[in-house]
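First up is the structure itself, then whatever we jot down about it.
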Amino acid sequence: MFGTLKEKAAGLGDRRIEDLFADAGRAEAFSLTALGMLFDYSKTQVDAGIRDALLALADTAQVAARRDAMFAGQKINETEGRAVLHTALRNLEGRPVLVDGVDVMPEVLATLGRMEALADAVRESDVTDVVNIGIGGSDLGPAMGVLALAPYHDGPRCHFVSNVDGADIADTLKRCDPAHTVFIVASKTFTTIETMTNAATAKAWLQEKGVSAEGKFIALSSNVEKAGAFGIPEERVLGFEDWVGGRYSMWGPIGLSLMIAIGPDNFRAFLRGAEAMDRHFVDAPLAENMPVLLALVGIWHNQGLGHATRAVLPYDNRLARFPAYLQQMEMESNGKGVAMDGTDLPYDSGPVVWGEPGTNGQHAFYQLIHQGTRVIPCEFMVAASGHEPALRHHHDLLIANCLAQSEALMRGRDLDEARGKVAGKFEGAELERQAKHRVFPGNRPSTTLVYPKLDPETLGKLIALYEHRVFVEGVILDINSYDQWGVELGKELATALGPMVTGEAPVAGKDGSTAQLIGFVQENR
Ligand code: F6P
């Protein structure tokens with residue numbers, strides 16, 4: 001499958017990325033501008049031949065046909081027998097989307113209208129604090145979005161409680177006034193143990209404070225019955241269908257906390273941005289298609305060159321949660337060891353995705369990126385403008401740092417330059433030894449995405465760009481990006497371990513390590 005890529009990788013020899021810029025047209029030829037954003041992948045080893053090979057892979061994998069099948073509502077999530085239609089949630093014009101012959105758009109738009117009415121009601125009320133209780137896709141999206149769009153935040157304060165660690169909800173409730181707080185229980189299944197435990201604790205807190213729970217809870221869930229059993233009436237439940245995966249769900253009801261924070265108009269702008277990226281993904285030829293190129297560069301690094309991780313490095317402090325959001329989107333989607341047909345994958349699954357905002361990361365883990373022995377392809381992101389015109393000099397420095405990092409990764413510093421740095425301070429063998437420590441190998445690949453400003457529309461574009469990138473990589477890897485069976489086993493074992501931890505059940509059938517750990521916990525609490 002990836003033989004050609006591996007041959008091309010082996011054939012690179014000692015070619016350096018910076019030497020590719022002898023071609024004065026390289027930057028333009030290996031960049032793409034779309035929807036007002038510039039994606040520059042010229043600081044990688046991708047050349048015309050490699051790009052052709054990558055595009056040929058996309059053709060062989062039938063990326064275009066699979067994409068069209070997804071948008072058309074076909075059940076491409078084959079292990080769960082579901083369509084994959086988060087794109088319908090931002091289809092604001094309501095173009096028909098059929099699932100099993102039924103147009104889902106009237107329901108989608110009606111739900112959007114209900115979200116807007118609920119959001120307005122909360123925004124116009126005396127509610128000061130909204131607590132979203134959810135985890136994974138029912139937390140990361142809105143939490144990331146609320147931080148990203150802080151300049152547009154004119155609604156009540158929004159808090160996010162996800163962890164079953166009681167510290168999370170305890171610390172949050174300390175900041176809330178029970179009479180003026182609304183809880184959003186966000187859970188597609190309404191069975192997730194962390195969320196159910198936190199929701200019950202929130203209810204008990206209200207009771208303890210003498211405040212009625214009536215009108216204090218909203219549920220975002222596909223499971224109206226379970227929400228009802230918890231005590232949330234149907235008119236306060238916003239539902240969504242099984243064709244919206246948890247990690248792709250912030251465009252619909254799961255985005256309610258974001259809508260409450262920034263208001264329905266800004267939320268619609270967010271949806272419009274995503275929809276624009278959807279149109280681009282559907283309409284642009286593969287060679288000029290931003291999600292496709294982002295995916296192909298990813299495949300080149302992961303499969304061609306064998307780099308096991310990639311760092312996503314937003315030079316945008318408000319995107320601090322974006323790498324964590326992408327971690328779920330990418331790793332829960334493409335971290336699979338079995339191909340569509342049930343056979344073992346004969347190559348590696350999708351990469352480890354990690355990152356932190358710049359410039360903070362520069363003073364933490366960039367050391368390894370520059371001089372460690374493993375190559376980590378970096379994906380830089382930066383806005384041309386910030387939201388603080390009075391602090392323009394900050395933003396200029398931010399951009400300069402972002403560009404400096406990609407340049408440093410590519411150029412490196414050779415031994416001669418390093419000698420120059422220490423000449424005069426050391427001599428002879430000591431000079432050689434000291435210089436060696438100051439060598440940067442360089443030739444390390446990075447891409448840079450520049451967008452005008454992190455406004456709602458742009459955030460929508462960015463997320464949709466990565467969603468489609470994950471889709472394309474999944475198709476090329478021939479895996480199902482839309483199930484997540486890998487999270488099941490731990491959940492089952494935790495359920496069985498619960499009573500053993502409390503001492504209600506004997507520690508039976510457990511390995512020595514697990515039994516010892518339970519014993520130590522019990523003796524030390
Ligand atoms: O355990 C993984 C997972 O199923 C994610 O895919 C999902 O986003 C998260 O749990 C939360 O699920 P729910 O929204 O059903 O509570």
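Order of appearance sets the numbers: ligands from 1, and atoms from 1 within every ligand.
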Pair Ser221-Asn223, side-chain donor/acceptor within less than 3.5 Å: no
Proximity of His86 and Phe471 rings by center, below 6.0 Å: no
Contact atoms of ligand 1, heavy-atom distance to Ile135 under 4.0 Å: 9 (C), 11 (C)
Under-4.0 Å heavy-atom contact with ligand 1, by part of Thr189 that carries it: both
Any Lys491 heavy atom less than 4.0 Å to ligand 1: yes
Phe183 six-ring face occupied by Lys203 cation (under 6.0 Å, within 45°): no
Contact atoms of ligand 1, heavy-atom distance to Val487 under 4.0 Å: 1 (O), 2 (C)
Nearest-contact summary for atom 12 (O) of ligand 1 - protein heavy atom, Å: Thr192 OG1, 3.5 Å
Given Lys461, Arg90, Arg247, the one that forms salt bridge (Lys or Arg N to Asp or Glu O under 4.0 Å) with Glu467: Arg90
Atoms of ligand 1 close to Ser187 [distance to a heavy atom under 4.0 angstrom, numbered from 1]: 13 (P), 14 (O), 15 (O), 16 (O)
Taking atom 6 (O) of ligand 1 as the reference point, the nearest protein heavy atom with its distance: Glu332 OE1, 2.6 Å
Tyr466/Tyr325 aromatic ring centres below 6.0 Å: no
Gln522, CD: over 12 other non-hydrogen atoms inside 6.0 angstrom: yes
Ligand-residue contact atoms, ligand 1 with Gly137, heavy atoms, under 4.0 Å: 7 (C), 8 (O)
